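Below, read A as the first sequence line, B as the second, and so on, with proteins coming before strands; counting in each chain starts at 1. If you're wondering where the values come from, they're calculated on a predicted model, not measured in any experiment. Just so it is clear, the values below take in all heavy atoms, side chains as well, and ignore hydrogens, waters and symmetry mates.
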2 protein chains.
Amino acid sequence: MLSLATIKDVAKRAGVSIGVVSRAFNNYPDISEKTRQKILKVAEELNYTPNLVAKNLSSKKQLTIGLITSGILDSSQKDSVNSIEVFKGVYTAIEEKEYELAIYLIDSNKQKRKSYAQFCRERNIGGTILQGIRTDDPYFKELINTNIPCVLIDFHLNNHTPLIGNVSINNIEASRKITELVLEQNHRRIAIMAGKKAAYVNNERLRGVREAFAAFGLQLHEEDILYGQFLEQAAYEETKKYLEKHRPTAIIAFSDIMAIGVMKAIKEAGLQIPEDVSVTGFDNIPITEFTQPPITTVQQNFFELGRQAALHLQEIMEGRAKGKQVVVDYKIIERDSVKPL
Amino acid sequence: MLSLATIKDVAKRAGVSIGVVSRAFNNYPDISEKTRQKILKVAEELNYTPNLVAKNLSSKKQLTIGLITSGILDSSQKDSVNSIEVFKGVYTAIEEKEYELAIYLIDSNKQKRKSYAQFCRERNIGGTILQGIRTDDPYFKELINTNIPCVLIDFHLNNHTPLIGNVSINNIEASRKITELVLEQNHRRIAIMAGKKAAYVNNERLRGVREAFAAFGLQLHEEDILYGQFLEQAAYEETKKYLEKHRPTAIIAFSDIMAIGVMKAIKEAGLQIPEDVSVTGFDNIPITEFTQPPITTVQQNFFELGRQAALHLQEIMEGRAKGKQVVVDYKIIERDSVKPL
DNA sequence: CTGTTAGCGCGTTCAC
DNA sequence: GTGAACGCGCTAACAG
């Protein structure tokens with residue numbers, strides 16, 4: 001039986017007014033312990049629990065948080081793990097503080113019908129986490145011009161306001177470290193399988209590569225930077241084309257999924273990994289452990305990324321902090337895809 | 001600027017009452033085309049869009065659907081793909097019809113704080129999809145005793161009411177087919193790596209195995225049924241123990257993740273796959289393509305499972321259908337983990 | 001400490 | 001066709 005008891009029922013049965021019931025449930029101090037107990041007891045009997053929709057409408061407090069994610073609907077099953085880990089982290093942190101979660105998934109192939117700001121307004125959303133969004137997305141620009149607090153995962157805004165925070169690993173450093181690892185093994189003919197030119201993390205990682213190169217007195221040439229769009233197939237094709245004219249001893253990929261495409265092309269060219277060509281990835285998706293050979297990569301803790309994003313957003317929403325940059329740890333995982341020269 | 005225009009603003013500016021605006025937005029027929037156009041134009045100018053929270057509260061129609069999932073928070077990254085595919089399917093089907101989605105994730109290790117019925121009541125949820133829930137879960141029992149329509153993914157209820165539907169592949173048949181495939185390769189000493197005894201799909205698949213055995217004039221012995229709890233580690237340990245006393249030529253696993261544990265134990269026993277022992281999986285998670293050897297398995301379309309669940313739930317909620325059993329296609333994927341004897 | 005009342009933004013009768 | 005008025009279930013200010 002779904003007999004939805006309302007605040008009125010509780011009030012009547014407890015012999016008080018609805019105002020008191022409301023205050024009892026919201027832990028107001030100005031209420032006698034005796035009536036509070038009485039009310040809670042009656043509520044228990046009636047199996048009453050406040051209706052969140054009504055609460056949301058009447059309360060001035062914002063109690064729902066948005067999660068706007070692009071690229072999950074159209075991503076490969078192989079790396080959708082990342083998104084779900086982020087989601088789990090966000091969910092965990094939000095549930096703990098009894099916020100509500102509203103999810104908006106953007107299919108980057110389709111034209112999105114509704115603006116992000118509109119999505120938020122319609123649902124009384126008090127703050128939102130964004131992931132996989134492009135900085136030049138007009139809807140994104142519109143959103144950050146509202147006064148809705150935002151936390152960005154894996155990207156960053158230059159002119160950030162106190163309402164905008166962001167969370168990521170130190171991509172420059174991670175990229176530099178894994179490049180150094182390759183360089184230290186005496187590789188010099190190195191190609192980079194980058195992602196999308198416009199992507200923030202892409203440029204950060206490129207910068208890390210350049211720093212590592214510079215530390216070794218080397219320079220990164222444009223022709224050795226391939227763009228695989230963070231896609232397996234594109235990475236495969238780009239590598240194939242590249243191998244027709246070049247013979248690198250190592251390829252550094254900016255995502256595991258691209259590393260897999262890279263490895264496929266290398267093998268098809270009759271080359272061995274890591275004997276002929278070393279390969280590195282980025283993210284540490286589960287498959288990297290099972291490929292031939294297992295891939296040396298950068299482990300990102302996506303759960304923590306999501307969790308920290310939700311935590312920081314709550315800080316901003318509750319006025320406990322201004323938007324800042326939160327950095328999450330990463331870890332280099334050495335497996336068998338890199339071999340000294 | 002977040003200037004949240006309300007229905008009042010539109011009404012005032014269009015020179016009509018809020019009732020008319022509401023009717024214009026909800027496609028009432030009894031409104032002149034002229035004023036409807038006028039209202040839509042003004043709404044556009046004001047960037048107005050109805051507040052869903054208020055709509056949800058005032059409307060008698062149910063416009064949000066729940067998704068209650070257990071086992072995603074505590075599942076391995078390796079097979080959380082399944083859950084996210086289901087989620088994507090559900091999301092896609094729900095968004096299309098402009099329902100709202102409310103997600104409730106249950107950590108099967110922790111004691112859940114809130115009953116499913118309560119979760120639904122608090123949010124005015126009109127119907128819900130359940131996944132990974134145990135039939136003997138008291139909260140589940142409570143929920144199906146309300147009049148909230150439910151669609152169950154991958155499990156089933158005997159005394160089902162017109163408000164309860166369920167979606168899954170034909171597990172008996174799929175299990176029978178893959179067992180036959182092993183049997184046809186002349187394997188006779190076969191062990192089964194089953195999941196959890198209480199799980200619905202587990203028993204269905206067990207039944208499929210028995211049917212296949214019977215068709216070959218064989219019988220399945222209890223001692224050859226191992227229970228790996230749908231976990232890699234448990235499957236590994238059970239296999240290890242089993243191999244100390246038995247020497248099967250094939251092991252049929254009820255999930256890919258368990259097949260991976262099984263394969264690890266086989267390799268550690270100094271045996272080769274498939275030369276010494278053939279192995280099959282179930283689900284077709286991405287990793288199966290990369291293991292050594294790639295695993296022969298049953299492909300489930302989890303996206304479709306989720307999508308059909310949401311579609312069927314909407315039918316029930318809208319009174320267009322009674323709860324029924326929806327069956328989704330599966331496919332046997334033959335790779336290299338099975339070898340004829 | 002408690003009751004009353006006015007909203008929150010919208011859907012929905014019921015008159016006109 | 002349209003407007004006025006009530007109600008959804010709750011919070012929050014105000015009075016007492």
_Nearest-angstrom distance from the residue atom CD of A/E122 to C1' of C/dC10_ =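 From A/E122 CD to C/dC10 C1': 13 Å.
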
*asked:* Tell me the interatomic distance from B/N56, atom CG, to C/dC8, atom P, rounded to whole angstroms.
replied: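 In whole Å, C/dC8 P and B/N56 CG are 19 Å from each other.
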
*How does each nucleotide of nucleotides 4-16 of chain D score, in 5' to 3' order, for protein heavy atoms under 4.0 Å: base (B), sugar-phosphate only (S), or none (-)?*
---BBBBBB----

*Would you say the side chain of A/K97 lies within less than 4.5 Å of the side chain of A/I65, judging by non-hydrogen atoms?*
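Heavy-atom side-chain distance check fails, nothing below 4.5 Å.
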
Closest approach of [X] and [Y], non-hydrogen atoms and distance?
X: A/G126; Y: A/Q62; answer: CA-CB, 3.5 Å
X: B/P149; Y: B/M317; answer: CG-CG, 4.0 Å
X: A/R123; Y: A/T64; answer: O-CG2, 3.9 Å
X: B/I169; Y: B/V327; answer: C-CG1, 4.3 Å
X: B/D154; Y: B/S168; answer: OD1-CB, 3.5 Å
X: B/L143; Y: B/A117; answer: CD1-CA, 3.9 Å

*Where at least one partner belongs to residues 81-94 of chain A, residue pairs that pass salt bridge (charged side-chain N to carboxylate O under 4.0 Å, His left out), sequence neighbours excluded*: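 Counting only pairs at least two positions apart or across chains, the salt bridge (charged side-chain N to carboxylate O under 4.0 Å, His left out) contacts touching residues 81-94 of chain A are A/E85-A/K88.
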
*Which residues satisfy the side chain to side chain contact (heavy atoms under 4.5 Å, CB included) test with A/E318, sequence neighbours excluded?*
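A/E318: side chain to side chain contact (heavy atoms under 4.5 Å, CB included) contacts with A/Y99, A/Q314, A/R320.
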
*State which residues pass side-chain hydrogen bond (donor to acceptor under 3.5 Å, both in side chains) with A/K8; sequence neighbours excluded, sorted by chain then number.*
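side-chain hydrogen bond (donor to acceptor under 3.5 Å, both in side chains) check on A/K8 returns nothing, list empty.
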
*Which ones in residues 32-40 of chain A lie close to DNA chain D, meaning a heavy atom under 4.0 Å from one of its atoms?*
none

*Five pairs at each end of the helix from C/dC1-D/dG16 to C/dC16-D/dG1: take the axis at both ends and give me the angle between them to 10°.*
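The helix from C/dC1-D/dG16 to C/dC16-D/dG1 shows an end-to-end axis angle of 40°.
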
